[in-house]
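Accompanying notes for the structure given below.
Lettering of chains follows the sequences in order, A, B, ..., and the numbering in each one begins at 1.
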Protein chains: 2
Amino acid sequence: MLNRKSDNPTPVYFRLQSTIKDKIESGHWKPGDMIPPERIFAEEHKLSIGTVKKAISNLVNEGFLYRIQGKGTFVTGTYLRKDKLRYYRCFSSFDDNEGDMNIKLLEIEKTKPIPAINRLLKLHPKSDLFKISRLMNFSKGPRIFSTSYLPQKQFKDLDTPLFRTKIEKIALYSILEESYGVPTIYNQELIGAEGADNETADHLKIPIGTPLVTIEMLSFTYKDRPYEYRISYCNTSERKLFREY
Amino acid sequence: MLNRKSDNPTPVYFRLQSTIKDKIESGHWKPGDMIPPERIFAEEHKLSIGTVKKAISNLVNEGFLYRIQGKGTFVTGTYLRKDKLRYYRCFSSFDDNEGDMNIKLLEIEKTKPIPAINRLLKLHPKSDLFKISRLMNFSKGPRIFSTSYLPQKQFKDLDTPLFRTKIEKIALYSILEESYGVPTIYNQELIGAEGADNETADHLKIPIGTPLVTIEMLSFTYKDRPYEYRISYCNTSERKLFREY
DNA sequence: GCTCATTTGTTCGTATGTATC
DNA sequence: TGATACATACGAACAAATGAG
């Protein structure tokens, strides 16, 4: 079955990796699921245990799986990649501690397509969107005003009361993963600075024109599929945005 | 020598990893150097080749080494980690191409200690610094004004004419690695927004008060030792700063 | 262009240790 | 305690790339 020679120079362990990754990306195995033990893979594909170990440990390194000795091998969800993926943390200096944050949902509504955003999300030009506006508060008041756009078709029912209450308590990416099986694999960002406009100044309780950091974020799930476009306006007068890489 | 049992539960391959890493971090093997072949490690430490392979491939995954089939195993320099470490790229939109950049050296001089910076660089409060000011130009003019501070003691002769000409042609981190054996392992950043002050506005040829992205960066080499503090002011009106993670 | 020694890459298989339930 | 699952370690055989001669 999975055998070398013939005319395919791809290593066996690599092809096994691909078949496992496919089952994850197709949703056959979901975040948190236990996949079959190494022994089973070895028997089914007539491979040595070492080759199976290599395939799995590569997927562990790539972040798709994690292993617990004595228990099994499991599919990684976003929450486990969080260290790498978590959005900006807020610090007042390099040696500061991170501040606490809470989220207020301002609005969640269905909107008509927005050409530039539909294009970024690789959607049909006529696909409708969800628009979610939120305010992030730190100790001394509102600091980040963000608006997210998601495909309506992919995330039905996101505007029901159930989700509205969840959104203030659980990170948006957790909801999308748990309820829709869409884990976050990576993000892209464009960062700029702008003076606060009327609406943003109002939300953040600052004078119009105050310099803000703008972060446009595009989030991707399996197979490089974008699923959220977000633009955030950050008041960094008290706390700046921290990143390590 | 490297043997299990006794009363040390640490895996053998892990201890071999540590001894190799030590030789790299102490400068015994420098970026670009070839380390001894697997066979030698196996013989010297009386280990099987598989165990040596595991230790080395872990260090490859951690980014300390890279291997070329048929040639050998080599110590990684910053230039090979560049994909992960390179500073912000400039894009006008998510699907844009990266713009070209050139660097102009404004000034390189010796300065007295600056308490806040000496503390961040973990230097003695009386250690003198180098101050390097540069201007990054993109197609449509100057866009980033940055000032770096480095320990004078660690980077002697950085203000000689030889380095002055190099700094405009080669990235600063390459110079520090090649001439002083200081590769970059990771960076920390604090990001904020500010209105341009007098001096910065002058350099970037923009009105005073124009919103700019400020990036404070702390660069680390082996063993979590900071070696550079840099503050950059970025005019993002044409091109924003791009990151993927 | 070819051969050969060297070095890493792949795959196999076995035995034993250790964590979980 | 036993069954199960992953972890460590050993070692052999062959493949594939590199570079020197």
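Between B:Arg67 and C:dG9 there is a side-chain polar atom (N or O) within less than 4.0 angstrom of OP1 or OP2. Within the structure, a side-chain polar atom (N or O) of B:Arg39 is placed less than 4.0 Å from OP1 or OP2 of C:dT7. OP1 and OP2 of C:dT11 both lie 4.0 Å or more from every side-chain N or O belonging to A:Tyr13. Within the 4.0 Å cut-off from OP1 or OP2 of D:dC6, at least one side-chain nitrogen or oxygen of A:Thr73 is found.
Summarising the geometry, the separation between CZ on A:Arg15 and P on C:dT11 is reported as 8 Å, rounded to the nearest angstrom. Distance, B:Glu38 CD to D:dC10 P: 14 Å, rounded to whole Å. The distance from atom CD1 of A:Ile49 to atom C1' of D:dA9 is 15 Å, rounded to the nearest whole Å. Rounded to an integer number of Å, the gap from B:Lys54 NZ to C:dT10 C1' is 16 Å. The distance from atom CZ of A:Phe14 to atom P of C:dT10 is 11 Å, rounded to the nearest whole Å. The nearest whole Å value for the distance from the NZ atom in B:Lys53 to the P atom in D:dT8 is 18 Å. Atom OH of B:Tyr66 is separated from atom P of D:dT18 by 13 Å (rounded to the nearest Å). Between B:Glu43 atom CD and C:dT7 atom C1' there is a gap of 13 Å when expressed in whole angstrom units.
Closest approach to the A:Ser48 side chain among D:dC6, C:dT8, C:dC12 is made by C:dC12 (side chain taken as heavy atoms from C-beta onward). Taking only side-chain atoms of B:Val12, from C-beta outward, the nucleotide of C:dT8, C:dT11, D:dA9 with the closest atom is D:dA9. Proximity note for B:Thr51 (side chain, C-beta onward) versus C:dT8, D:dT8, D:dC10: the nearest is D:dC10.
B:Arg239 pairs by the side chain to side chain donor-acceptor pair (under 3.5 Å) definition with B:Asp96, not counting sequence neighbours. Evaluation of the side chain to side chain donor-acceptor pair (under 3.5 Å) rule for A:Asn118 yields no partner, not counting sequence neighbours. For B:Glu178, there are no side chain to side chain donor-acceptor pair (under 3.5 Å) partners at least two apart in sequence or on another chain.
Identified under the salt bridge (Lys or Arg N to Asp or Glu O under 4.0 Å) test for residues 161-172 of chain B, with sequence neighbours left out: none.
With no hydrogens or angles considered, no side-chain donor-acceptor pair links A:Ser219 and A:Tyr229 at under 3.5 Å. Side-chain N/O atoms of B:Glu189 and A:Tyr245 include a donor and acceptor closer than 3.5 Å.
Among the heavy atoms of the strands lying under 4.0 Å from A:Gly72 are primed sugar atoms or P, OP1, OP2 only; no base atom is included.
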Just the atom pairs and distances: protein N or O near nucleotides 19-21 of chain C's N or O, under 3.5 Å.
| unit_1 | atom_1 | unit_2 | atom_2 | d |
| --- | --- | --- | --- | --- |
| C:dA19 | O4' | A:Gln69 | OE1 | 3.4 |
| C:dC21 | OP1 | A:Lys71 | NZ | 3.3 |

With a 3.5 Å cut-off and sequence neighbours excluded, list the donor-acceptor pairs that the side chains of residues 148-159 of chain A form with protein atoms.
| unit_1 | atom_1 | unit_2 | atom_2 | d |
| --- | --- | --- | --- | --- |
| A:Ser148 | OG | A:Glu228 | OE2 | 2.7 |
| A:Ser148 | OG | A:Arg230 | NE | 3.4 |
| A:Gln152 | NE2 | A:Leu129 | O | 2.9 |

